[in-house]
Amino acid sequence: MIDSLPPLREVIATHDLRAKKQLGQNFLLDLNLTHKIARQAGDLTGCDVLEVGPGPGGLTRGLLACGARHVLAIEKDPRALPALEQIADAYPGRLTVITGDALQIDPLAHLTPPIRVAANLPYNVGTELLIRWLTPRDWPPFWQSLTLMFQREVAERIVARPGSKAYGRLALLAQWRADAQIVMSLPPEAFVPAPKVHSAVVHLTALPEPRFPANAAVLSQITGAGFNQRRKMLRASLKGLHPQIEALLDSVGIPPTARAEEIELERFCALARALQDARLTAGT
């Protein structure tokens, strides 16, 4: 027991909180597991924590028990509110619950730095939220770290290395501005209802500045074109970006016959700088 509140199965039965597929809900009922996930977020003492999709509040309880100064929980399903209010009563002044869509809510009005994000993200919005958190207008971001549960396949895409099938835009986006690692794996039977896939927890720590210099918009153009046609050689998939794309590829040490999945982050950033310089030169 991490607190004096009822077990999660009892909470779900009391409030009729059966998971809804259309909301991407799969609940973790083992409080030992939710407490372990909370610990993966690091020392939460003195930190505010953003949680998306708390459901019956298993991870919420873990975060509060681990010493989070304050937890902001954004929950789309109003059925979960009574269970979350019960947690708020048990941890006075440390839990704020907002009902609504996390994609439409600005959490910064309710959080005080330092801020960490920890969530068992609903499957239907998890990747979109991650991309938003990795692509703010200004860097460093509002968060120090992200501790997030995904389908195992998505988690592997975040930490993938060049040459692997999982390597793509998500890996480059995450690893350009953060250190990312898989810190836990969970089987389907850990959840209610059990999904058809394994899950994993990824921990990302924000870097003070991007790992290699590059214009974010140009880097996004290059990786988008390269990985949207990942079977093509780069000289073909990137030809629409500049008339001299082969020369630019050569200038940064990328063989024009290479494919996107073979190129490491540092070379993509070098190409982004070369392409930006070439466009500026052509415009003068």
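All values below were derived from every heavy atom in this structure, side-chain atoms included, with hydrogens, water molecules and symmetry-related copies excluded.
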Exercise. Is there a donor-acceptor pair under 3.5 Å between the side chain of Trp176 and the backbone N or O of Leu265?
Worked result: no

Exercise. Does some side-chain heavy atom of Phe191 sit less than 4.5 Å from a side-chain heavy atom of Ser199?
Worked result: yes

For this session: Take atom CD of Glu209 as the centre, draw a 6.0 Å sphere, and report whether it contains more than 12 heavy atoms from other residues, nucleotides or ligands.
Result: no

For this session: Carefully, step by step, assess Leu103 and Leu129 under the rule side-chain contact (heavy atoms from CB on, under 4.5 Å).
Result: CA-CA 7 Å; Leu103 295 172; Leu129 281 170; 3.6 Å; yes

Exercise. Side chains of Cys269 and Leu219: does their closest heavy-atom pair fall under 4.5 Å?
Worked result: yes

For this session: May I ask you to test the Gln86-His15 pair for a side-chain heavy-atom distance under 4.5 Å?
Result: yes

Problem set entry | Point-to-point distance, once rounded to the nearest 0.5 Å, from CG of Leu64 to CZ of Arg69 | 13.0 Å

Problem set entry | Evaluation steps, side-chain hydrogen bond (donor to acceptor under 3.5 Å, both in side chains), between His70 and Thr96 | CA-CA 8 Å; His70 178 246; Thr96 298; 2.7 Å; yes

For this session: Heavy atoms only: give me the nearest Gly55-Glu75 pair and the separation to one decimal.
Result: N-OE1, 2.8 Å

Exercise. With the threshold set at 4.0 Å, does a side-chain nitrogen-carboxylate oxygen contact exist between Asp16 and Arg18?
Worked result: yes

Exercise. Looking only at heavy atoms, what is the nearest atom pair of Ala258 and Ile263, with distance?
Worked result: CB-CD1, 3.9 Å

Problem set entry | Option from Leu95, Leu50, Leu44 for which side-chain contact (heavy atoms from CB on, under 4.5 Å) with Val71 holds | Leu95

Problem set entry | Donor-acceptor contact present, side-chain Arg211 to main-chain Ala178, <3.5 Å | yes

Exercise. If you measure from CD on Gln181 to NE2 on His203, what distance do you get to the nearest 0.5 Å?
Worked result: 7.0 Å

Exercise. Roughly how far apart are Thr257 OG1 and Glu246 CD, rounded to 0.5 Å?
Worked result: 9.0 Å

Exercise. Nearest 0.5 Å, what's the OG1-CZ distance between Thr205 and Arg116?
Worked result: 7.5 Å

Exercise. Counting N and O atoms only, with roles assigned by atom type, does the side chain of Ser251 sit under 3.5 Å from a partner on the main chain of Leu248, one being a donor and the other an acceptor?
Worked result: yes

Problem set entry | Flag for Arg231-Ser237: side-chain donor and acceptor within less than 3.5 Å | no

Exercise. Is Asp48 reaching over with its side chain to a backbone N or O of Pro113, donor-acceptor style, under 3.5 angstrom?
Worked result: no

Problem set entry | Steps toward side-chain contact (heavy atoms from CB on, under 4.5 Å) verdict (His35, Cys66) | CA-CA 8 Å; His35 195 209; Cys66 283; 3.3 Å; yes

Exercise. So which of Pro187, Ser185, Pro188 actually passes side-chain contact (heavy atoms from CB on, under 4.5 Å) with Arg152?
Worked result: Ser185

For this session: Drop me the distance from Glu128's CD to Trp133's CH2, to the nearest 0.5 angstrom.
Result: 11.0 Å

Problem set entry | Check: Trp143 side chain, Pro114 main-chain N or O, donor-acceptor pair, under 3.5 Å | no

Exercise. Is there side-chain contact between Leu275 and Ile222, with at least one heavy-atom pair below 4.5 Å?
Worked result: yes

Exercise. Any link between Leu234 and Ile245 through a network of hydrophobic side chains (Ile, Leu, Val, Met, Phe, Trp, Tyr) touching at under 4.5 Å?
Worked result: yes

Problem set entry | Val183-Leu207 co-clustered via ILVMFWY side chain contacts under 4.5 Å | no

Exercise. With hydrophobic residues grouped by side-chain heavy-atom distances under 4.5 Å, do Ile105 and Leu146 end up in a single group?
Worked result: yes

For this session: Taking all non-hydrogen atoms of both residues into account, name the closest pair between Ala216 and Arg177 and its distance.
Result: CB-NH2, 4.2 Å

Exercise. Just wondering, do Arg61 and Thr34 contact through their side chains at under 4.5 Å, heavy atoms?
Worked result: no

Exercise. Going by distance alone, is a donor N or O of one side chain under 3.5 Å from an acceptor N or O of the other, for Arg259 and Gln229?
Worked result: no

For this session: Give a yes or no on whether Val197 and Ile182 share a hydrophobic cluster (residues Ile, Leu, Val, Met, Phe, Trp, Tyr; joining criterion: side-chain heavy atoms under 4.5 Å apart).
Result: no

Exercise. Does the pair Val117 and Phe142 meet the rule for a side-chain contact (heavy atoms from CB on, under 4.5 Å), with working shown?
Worked result: CA-CA 10 Å; Val117 180; Phe142 74 86; 4.2 Å; yes

Exercise. Are Leu238 and Phe268 connected in a single hydrophobic cluster, I mean Ile/Leu/Val/Met/Phe/Trp/Tyr linked by side-chain heavy atoms less than 4.5 Å apart?
Worked result: yes

For this session: Can you label the angle between the Tyr167 ring and the Phe227 ring as parallel, tilted or perpendicular, going by 30° and 60°?
Result: perpendicular

For this session: Heavy atoms only: give me the nearest Leu249-Pro256 pair and the separation to one decimal.
Result: CD1-CA, 3.9 Å

Exercise. How long is the span from the CZ atom in Arg267 to the CD atom in Glu262, to the nearest 0.5 Å?
Worked result: 14.5 Å

Problem set entry | Residue pair Val201 / Asn120, side-chain heavy-atom distance below 4.5 Å | no

Problem set entry | Worked check of side-chain contact (heavy atoms from CB on, under 4.5 Å) between Leu271 and Ile254 | CA-CA 8 Å; Leu271 180 60; Ile254 298 177; 4.2 Å; yes

Problem set entry | Donor-acceptor pair between Gln40 and Thr147 side chains, under 3.5 angstrom | no

Exercise. Is Asp30 salt-bridged to Arg9, going by a charged N under 4.0 Å from an acidic O?
Worked result: no

Problem set entry | Contact check, side chains of His110 and Ile98, non-hydrogen atoms, under 4.5 Å | yes

Exercise. Looking at Leu8 and Gly57, what are the two nearest heavy atoms and their distance?
Worked result: CD2-C, 4.5 Å

For this session: Return the minimal non-hydrogen interatomic distance between Val11 and Ala83, and the atom names on each side.
Result: CG1-CB, 3.6 Å

For this session: Look at Arg157 together with Glu153 and state whether they make a salt bridge at an N to O cut-off of under 4.0 Å.
Result: no

Problem set entry | Student check: side-chain heavy atoms of Leu28 and Leu186 closer than 4.5 Å | yes

